[in-house]
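Computed over heavy atoms, backbone and side chain alike; hydrogens, waters and symmetry mates excluded. Per chain, numbering begins at 1; letters A, B, ... match sequence-line order.
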Number of protein chains: 2
Amino acid sequence: MIMKYKTVIVDDHPIVISGISGLLSDLDNIEIVEKFESGIALLDYIEDHKVDLILMDIFLPVINGVDLCKTIKQKHPKIVIIGMSSQSERSLVMQFIQNGGNGYILKNASFDEFKECIYKAIDGEIVFSEEVKTIISQPLSEDLERIPGLSRRERDIALLLSQGKSTQEIADDLFLSFLTVQTHRRNILQKYKMKNVAELIAFLLKNNMLN
Amino acid sequence: MIMKYKTVIVDDHPIVISGISGLLSDLDNIEIVEKFESGIALLDYIEDHKVDLILMDIFLPVINGVDLCKTIKQKHPKIVIIGMSSQSERSLVMQFIQNGGNGYILKNASFDEFKECIYKAIDGEIVFSEEVKTIISQPLSEDLERIPGLSRRERDIALLLSQGKSTQEIADDLFLSFLTVQTHRRNILQKYKMKNVAELIAFLLKNNMLN
DNA sequence: ACGGCAATACCTGATAAAGTGTATTTTTTT
DNA sequence: AAAAAAATACACTTTATCAGGTATTGCCGT
């Protein structure tokens, strides 16, 4: 007897569910056991049924895909979860993976891509469809290229700011005058046209300019 | 004639360079063309020589692996770059991938793991050694489990704070009293024992609790 | 040797945030 | 239906940040 991977599809567009079912029905060792339009229904289901693989849309009503993935993985770390969406954004993909996702596929991927990604994910790999790979490594050319960097001292100060230090504390840490730190801090804010330190830290972290 | 992948190793520990060379010398289609102990030397080299694959330590003197990878990928997007380190941290791995890295291997990985990862990376995949996979998806059980989440309102406010809005602006945006926003803001800071909004935002972003 | 950038430092006034305490209402969970 | 959690609101004090303008020194690259 052939062991088939019990697979569940979650997507709030019935059309997409049907499309994916069609694609997957050709695969020998994949057996679609259920289809859901919401994450809540899925959570109920997996409590009582064996599931090996979940293909889920990331944009779902009520509970989003990232949180859903996190919740499932906490209780069932062995279930392989692949995220899907129509358009995508780098940070979203990374978040999904950081929350336990085993892969991410754009819905416009070809049948072959779907198939390969699914097989590899079952095999224990972390997989991305071609376009996703491009997305997560391409912002280099646009996002980051034209952003002026922090100077050494500015980065020191920004780092301490992200640790919640006050101007005085930073001055003490770096053996500088309070006023010097104040100047650096203002220069950084002006350089990136940020209103305050909170916005600055968010900006720097999102662009990997800290650490 | 067999096409061999021209490979460069960068690591500031000569011992490690030698070890990796030994491992790789067994592989048919990998040819080690150079070894460096610093990123600067590597940058010079790739300007004049063809390179297909780079294995680099993440902790390097002068320029760190993440920045090095970013710099190389900007000019030479086709070079496959695999990061390595002895111990690792989730955010570091993700940063490396976001900056164009094609994979990440812990140095204690087995020869087979090294070999497989390298072949798959050359094949266009994004690869992680086993332990790295565990690291990037496991914090669920420790990091995140015991961290209480933000309530809806708190998340609304935290999000606006990360956009640089002041208490008054947030109050206006959400049609709340200035004082209410002030209370929420204080509650959030106290919940996570943060000194100020800057530290809070850094914390929330690093733990994917925003967005 | 020079220009430009980075790092250092000072002053001041207006505004905002942080710390502490309290309290009512609504919503959610048990 | 009761208990718990979340959302709402107010007052007051202290401390920190933001924004403006200015200036000196050292270093790096041309």
- [ ] List the atom of A:Glu89, the atom of A:Ile135, and the distance in Å for their closest heavy-atom pair.
- [x] C-CG2, 4.2 Å
- [ ] Mind jotting down which residue pairs meet the ring pair (Phe, Tyr, Trp, His ring centres under 6.0 Å) criterion with at least one end in residues 60-109 of chain B? Sequence neighbours excluded, please.
- [x] B:Phe96-B:Tyr104
Task: Non-hydrogen atoms of B:Gly164 and A:Glu199 that approach each other most closely - done: CA-CB, 3.4 Å
Just list the side-chain donor-acceptor pairs under 3.5 Å for residues 117-127 of chain A, sequence neighbours left out, or say none.
{"unit_1": "A:Tyr119", "atom_1": "OH", "unit_2": "A:Asn29", "atom_2": "OD1", "d": "3.2"}
{"unit_1": "A:Lys120", "atom_1": "NZ", "unit_2": "A:Glu116", "atom_2": "OE1", "d": "2.8"}
{"unit_1": "A:Lys120", "atom_1": "NZ", "unit_2": "B:Glu125", "atom_2": "OE2", "d": "2.5"}
{"unit_1": "A:Glu125", "atom_1": "OE2", "unit_2": "B:Lys120", "atom_2": "NZ", "d": "2.6"}

- [ ] For residues B:Leu106 and B:Ser86, report the shortest heavy-atom separation together with the two atoms involved.
- [x] CD2-O, 3.7 Å
Open item on the list: If you take any heavy atom closer than 4.0 Å to DNA chain D, which residues from residues 163-174 of chain B end up in contact?
Closed with: none
Task: Base-contact (B) and sugar-phosphate-only (S) positions in nucleotides 18-30 of chain C, heavy-atom cut-off under 4.0 Å, - elsewhere - done: SBBBB-----S--
Task: 5' priority, DNA chain C, between A:Thr180 and A:Lys191 [closest heavy atom] - done: A:Lys191
Open item on the list: Between A:Gln95 and A:Asn99, do the side chains contain a donor N or O and an acceptor N or O under 3.5 Å apart?
Closed with: no
Task: Nucleotide C:dA7, atom C1' - distance to CG of A:Asn187 in whole Å - done: 10 Å
Task: By side-chain hydrogen bond (donor to acceptor under 3.5 Å, both in side chains) - contacts of B:Glu31 (at least two apart) - done: none
- [ ] Would you kindly give the CD-to-C1' distance between B:Glu199 and C:dA17, to the nearest whole Å?
- [x] 15 Å
Task: salt bridge (charged side-chain N to carboxylate O under 4.0 Å, His left out) partners of residues 39-52 of chain B, not counting sequence neighbours, each pair once - done: B:Lys50-B:Asp52
Task: Partner residues of A:Thr180 under the side-chain hydrogen bond (donor to acceptor under 3.5 Å, both in side chains) criterion, sequence neighbours left out - done: none
- [ ] Could you tell me which residues satisfy side-chain hydrogen bond (donor to acceptor under 3.5 Å, both in side chains) with B:Glu131, sequence neighbours excluded, listed by chain and number?
- [x] B:Asn108
Open item on the list: To check you understand the geometry: which heavy-atom pair defines the closest contact between A:Cys69 and A:Ile81, and what is its length?
Closed with: SG-CD1, 3.9 Å
Open item on the list: With side-chain hydrogen bond (donor to acceptor under 3.5 Å, both in side chains) as the rule and sequence neighbours excluded, what pairs involving residues 10-20 of chain A come up?
Closed with: A:Asp11-A:Lys107
Open item on the list: Need two values: the first and the last nucleotide of DNA chain D, 5' to 3', having an atom under 4.0 Å from any heavy-atom of chain B.
Closed with: D:dA6 to D:dC12
Task: Whole-Å distance separating the CD1 atom of A:Ile157 from the P atom of C:dA7 - done: 8 Å
Task: Inter- and intrachain pairs under ring pair (Phe, Tyr, Trp, His ring centres under 6.0 Å), touching residues 153-187 of chain A, at least two apart - done: none
Open item on the list: Rounding to 10°, can you tell me the angle the first-five-pair axis of the helix from C:dA1-D:dT30 to C:dT30-D:dA1 makes with its last-five-pair axis?
Closed with: 80°
Open item on the list: What contact category does B:Ser177 fall into here, base, sugar-phosphate, or nothing, at under 4.0 angstrom with non-hydrogen atoms?
Closed with: sugar-phosphate
